[in-house]
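Basis for what follows: all heavy atoms, side chains included, without hydrogens, waters or symmetry-related copies. Index from 1, following the sequence.
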Amino acid sequence: MKGIQDTSTNNFGDLVSNNKKYIIPRFQRDYSWTEEQWEDLWEDIEAAINEANEHYMGYLVLQTSNNKEFLIIDGQQRFTTITLIILAAIKSISKLSNKEEFEENNKRIETLKEKYIGHIDPVSLEYDNNLILNKNNNAFYKDYIVKLGSLKVRGLSCTEKLMKKCFEWFENKLLNKFKTGKEYAEFIIRMVDSLFFTVITVNDEMNAFRVFETLNARGVQLSSADLLKNYFFSLVDLNTSHGSHIKILEEKWNKLTANVKTDKLADFLRYYWNSQNKTVRSSELFKEIRSSIKDDKHVFLLVSDLIEYSDIYMALKDPEDEFWEEDDEIKKYIYLLQIFNLKQPFSILMSAYKNLTIENFKKVLKTVVIICFRYSVISSKNANEIERSFNDCAISINKNKSFNISSLLKIYISDDEFVNIFTKKTFPVTSRNTKIVRYILSEINYYKDQIAIDCKDEKNSIEHILPQNPNDNWDIDEDKIEIFSIRLGNLCLLEKKLNNNISNEIYEIKKEVLLKSAFATTKSIPQHYSEWNEKSIESRQKQMANIAKSIWKVNF
């Protein structure tokens with residue numbers, strides 16, 4: 001993997017018993033695990049120990065320049081929690097009342113802490129810990145938990161309360177689990193020897209970011225946003241002598257992550273960046289940000305802008321967001337982007353909302369929905385080209401404060417191509433496809449008789465006239481059923497109360513039911529087709545395609 005200094009598989013015991021230091025960067029995420037994660041980890045540990053098995057803990061991404069001190073770029077929640085379990089077990093030894101083993105247990109405590117936690121500095125008599133937590137967690141960890149005394153109760157921050165609760169939760173799990181210090185010591189050793197990580201070591205933050213992108217592409221969701229955050233905070237810390245600046249940035253960052261959850265932040269940042277800059281891929285984003293954001297002033301400008309755009313971004317993902325108030329037209333288009341499952345338009349839509357009047361924003365939104373319908377939903381074209389065009393248009397809107405609709409012409413599927421693809425389009429039955437088909441049929445029905453239908457109304461079902469599992473009375477080749485049953489020409493809107501009883505019935509029976517429908521396009525099927533077969537489906541779908549090119553049309 002590009003940018004990796006070393007990759008290995010190690011158990012936790014090997015990692016922490018080699019006098020190496022593990023440091024969670026000052027501004028990385030605070031400790032945030034809760035009982036759900038503690039319970040899962042505890043069950044895994046007990047299973048591994050009882051069955052003498054190894055348990056895989058996932059990836060641990062480290063950054064080092066000297067192979068002595070390692071920044072934990074990803075995996076800090078797991079690393080910290082395992083360390084807290086070790087300390088809870090050591091404290092359990094200290095609580096044993098067997099006087100005969102008192103000296104032995106003190107030696108065990110000293111040895112276990114020296115091996116897994118750290119050693120006492122001979123000058124300060126303070127523990128020089130192997131694990132150093134971030135700026136919000138380390139003091140409580142070092143001054144209270146590691147010393148194994150009474151834990152502070154008052155004046156704790158939310159993250160300190162979580163660490164305290166975590167330590168006490170595992171301490172309670174270990175309470176009276178074993179009778180001797182030897183058994184507790186054996187538990188610790190078996191635990192750390194059975195928990196394995198894939199350890200990826202890099203030599204700088206740029207390579208760490210590349211690791212995030214590579215692993216995320218493989219379905220391993222890592223917190224690349226933590227790396228971005230650390231970079232921003234480090235710049236402010238380096239470039240300012242005012243301690244209040246860090247506090248201000250922290251408040252702004254918390255506001256940003258309250259809007260956009262941390263695991264989605266990198267996605268949002270890319271859409272934002274591409275709305276104002278030349279399109280960059282995920283793998284190049286951090287490099288571009290680092291080359292553009294060089295000091296604390298630029299960090300504050302960027303983060304303030306991100307907060308403002310984050311409200312727009314989140315509203316674009318939710319048709320019921322208060323941003324849209326009572327504007328049913330906007331709500332409809334946002335809903336459609338949601339069911340189309342498209343993210344490429346975010347850059348142009350954020351830019352349009354920020355820089356244009358609401359009426360012009362609606363014009364952009366409607367245009368984008370039509371283009372996406374033609375390009376992605378019906379034609380299934382490559383997403384890269386449409387994203388680049390949307391990004392270029394977003395930059396133009398930012399610069400000129402106006403929308404040049406002709407700039408999107410190159411991604412507009414021509415009528416001839418659209419009709420040709422629409423004529424053969426199939427929609428396998430999925431939850432998403434059902435919503436899309438209901439929308440298509442509703443729009444075609446409105447075109448025919450001008451009666452509006454709510455495409456979200458689930459009282460209207462999708463009837464497959466040729467059933468997906470027809471009975472023997474259907475005169476159609478078996479090898480054609482699978483394709484023709486999901487062709488758009490075979491589908492129609494039908495009220496659920498009418499649809500309940502016809503399922504796999506033959507067309508002669510279905511015709512009588514279709515005639516009772518209130519939908520003009522459904523009622524017209526038995527009026528125009530005396531029998532239902534491949535030719536009927538193809539004929540109807542071609543008619544639908546010719547109507548569709550007029551419905552989903554942009555006048556350039």
Notebook entry, point to check: For L96, does its backbone N or O pair with a side-chain atom of N105 as donor and acceptor, under 3.5 Å?
Noted result: no
Notebook entry, point to check: Does any non-hydrogen side-chain atom of I200 lie less than 4.5 Å from one of L62?
Noted result: no
Check: When you measure from the side chain of K164 to the backbone N and O of I145, does any donor-acceptor pair fall under 3.5 Å?
Finding: no
Note to self: Looking at every non-hydrogen atom in both residues, tell me the closest pair between I436 and I339 and how far apart they are.
What the structure shows: CD1-O, 3.8 Å
Item checked: Side chain to side chain, S292 and H298, heavy atoms closer than 4.5 Å -> no
Check: Cation over ring, K113 on Y116, under 6.0 Å and within 45°?
Finding: no
Note to self: Just checking Y56: does its OH atom have more than 12 heavy atoms from other residues, nucleotides or ligands closer to it than 6.0 angstrom?
What the structure shows: yes
Notebook entry, point to check: Side-chain contact, heavy-atom cut-off 4.5 Å: V303 with L249?
Noted result: yes
Notebook entry, point to check: Does the side chain of I386 come within less than 4.5 Å of C372's, by heavy atoms?
Noted result: yes
Check: Is any side-chain heavy atom of Y335 closer than 4.5 Å to a side-chain heavy atom of E320?
Finding: no
Next item on the list: Go through the structure and list residues passing ring pair (Phe, Tyr, Trp, His ring centres under 6.0 Å) with W324, not counting sequence neighbours.
Entry: Y353, F361
Check: Which atoms form the tightest heavy-atom contact between I395 and N277, and what is the distance?
Finding: CD1-O, 3.1 Å
Notebook entry, point to check: More than 12 heavy atoms of other residues, nucleotides or ligands under 6.0 Å from CG of D327: is that the case?
Noted result: yes
Notebook entry, point to check: Under the side-chain contact (heavy atoms from CB on, under 4.5 Å) criterion, do L133 and M163 qualify, and how do the steps go?
Noted result: CA-CA 11 Å; L133 304 187; M163 290 179 65; 3.4 Å; yes
Checklist line | Which atom of Y272 lies closest to which atom of M350, heavy atoms considered | finding: N-CE, 3.6 Å
Note to self: Looking at E329, is its backbone amide N or carbonyl O close enough to the side chain of K366 to form a donor-acceptor pair, meaning the two atoms are under 3.5 Å apart?
What the structure shows: no
Checklist line | From CG (L15) to OG (S8), nearest 0.5 Å | finding: 7.5 Å
Checklist line | R270 with E284: basic N within carboxylate O range, under 4.0 Å | finding: no
Item checked: T159 and N136: side chain donor to acceptor below 3.5 Å -> no
Check: Taking the six-membered ring for Trp, is the centroid-to-centroid distance between F12 and F79 below 6.0 Å?
Finding: yes
Item checked: Any side-chain donor near an acceptor of the partner, S402 and N400, under 3.5 Å -> no
Margin query: If the threshold is 4.0 Å, N to carboxylate O, is there a salt bridge linking K135 and E250?
Written below: yes
Check: Quick one: is the NZ or CZ of K255 closer than 6.0 Å to the six-membered ring centre of W253, and within 45° of its axis?
Finding: no
Margin query: Checking the side chain of K91 only, and the main-chain atoms of E171 only, is there a donor and an acceptor separated by less than 3.5 Å?
Written below: no
Margin query: side-chain contact (heavy atoms from CB on, under 4.5 Å), that's the test. Do L337 and L316 meet it? Break it down for me.
Written below: CA-CA 9 Å; L337 287 178; L316 289 169; 5.7 Å; no
Next item on the list: Ignoring hydrogens and angles, state whether a donor on the side chain of S304 or K252 is under 3.5 Å from an acceptor on the partner side chain.
Entry: yes
Margin query: Show the nearest heavy-atom pair for residues S351 and N355, with the distance to one decimal.
Written below: O-ND2, 2.8 Å
Check: Taking the six-membered ring for Trp, are Y184 and F178 parallel (under 30°), tilted (30 to 60°) or perpendicular (over 60°)?
Finding: perpendicular
Next item on the list: Just do the side-chain hydrogen bond (donor to acceptor under 3.5 Å, both in side chains) check on T80 and Y141 with the steps written out, would you?
Entry: CA-CA 10 Å; T80 302; Y141 171 74; over 6 Å; no
Margin query: For the OG atom of S389 and the CG atom of L408, what is their distance to the nearest 0.5 Å?
Written below: 7.0 Å
Next item on the list: Please confirm whether the backbone N or O of N11 pairs with a side-chain atom of D193, one donor and one acceptor, at under 3.5 Å?
Entry: no
Item checked: Matching residue for F286 among Y231, F232, W273 - test: ring-ring contact (aromatic ring centres under 6.0 Å, His included) -> Y231
Notebook entry, point to check: To the nearest 0.5 Å, how far apart are CG in L269 and OG in S310?
Noted result: 11.5 Å
Margin query: Please determine whether the number of non-hydrogen atoms from other residues, nucleotides or ligands lying under 6.0 Å from atom CD of E168 exceeds 12.
Written below: yes
Margin query: Walk me through whether F187 and I45 qualify under side-chain contact (heavy atoms from CB on, under 4.5 Å).
Written below: CA-CA 10 Å; F187 163 79; I45 289 169; 4.3 Å; yes
Notebook entry, point to check: Counting heavy atoms not belonging to K401, are there more than 12 under 6.0 Å from its NZ?
Noted result: yes
Check: Measuring from K173:NZ to K177:NZ, what's the distance to the nearest 0.5 Å?
Finding: 9.0 Å
Notebook entry, point to check: Side chains of S396 and S407: closer than 4.5 Å at any heavy-atom pair?
Noted result: no
Check: Is the centre of the Y313 ring less than 6.0 Å from the centre of the Y309 ring?
Finding: no
Item checked: Residue pair G75 / L60: nearest heavy atoms and the distance that separates them -> CA-CD1, 4.0 Å
Margin query: We want to know whether Q76 and Q28 form a side-chain donor-acceptor pair, criterion being a heavy-atom distance below 3.5 angstrom.
Written below: yes
Next item on the list: Would you please indicate if the ring centroids of F197 and Y59 are separated by under 6.0 Å?
Entry: no
Notebook entry, point to check: Is the number of heavy atoms from other residues, nucleotides or ligands under 6.0 Å of R432 CZ greater than 12?
Noted result: yes
Notebook entry, point to check: Is any side-chain heavy atom of I85 less than 4.5 Å from a side-chain heavy atom of M191?
Noted result: yes
Next item on the list: Drop me the distance from L301's CG to L306's CG, to the nearest 0.5 angstrom.
Entry: 11.0 Å
Margin query: How close do Q338 and D318 get, counting heavy atoms only, and between which atoms?
Written below: NE2-CA, 4.4 Å
Check: Without hydrogens or angle criteria, can the side chains of Y31 and T81 be said to hold a donor-acceptor pair below 3.5 Å?
Finding: yes
Note to self: If the condition is ring pair (Phe, Tyr, Trp, His ring centres under 6.0 Å), which residues does F167 pass it with, not counting sequence neighbours?
What the structure shows: none
Next item on the list: Inspect the contact between K278 and E288 and indicate whether a charged nitrogen and a carboxylate oxygen are less than 4.0 angstrom apart.
Entry: no
Next item on the list: Run the numbers on I117 and L87 for side-chain contact (heavy atoms from CB on, under 4.5 Å), then give the verdict.
Entry: CA-CA 8 Å; I117 305 302; L87 284 164; 3.7 Å; yes
Notebook entry, point to check: For the side chain of N360 and the backbone of L356, is there at least one donor-acceptor N/O pair under 3.5 Å apart?
Noted result: no
Next item on the list: Check whether any side-chain heavy atom of N130 lies under 4.5 Å from a side-chain heavy atom of K20, and answer yes or no.
Entry: no
Note to self: Is it the case that atom NZ in K362 sees more than 12 heavy atoms from other parts of the structure closer than 6.0 Å?
What the structure shows: yes
Notebook entry, point to check: Should we say atom NZ of K456 is surrounded by more than 12 heavy atoms from elsewhere, each under 6.0 Å from it?
Noted result: yes
Next item on the list: Verify the neighbour count for atom CD of E322: are there more than 12 heavy atoms of other residues, nucleotides or ligands below 6.0 Å?
Entry: no
Check: Any luck finding a side-chain donor-acceptor pair between N391 and Y271 under 3.5 Å?
Finding: no
Item checked: side chain to side chain donor-acceptor pair (under 3.5 Å) partners for E385, two or more places apart -> R388
Notebook entry, point to check: Rounded to the nearest 0.5 Å, how far apart are OG of S157 and CG of D30?
Noted result: 7.0 Å
Margin query: Under 6.0 Å from the ring centre and within 45 degrees of the ring axis: does the NZ or CZ of K21 meet both conditions for the six-membered ring of F70?
Written below: no
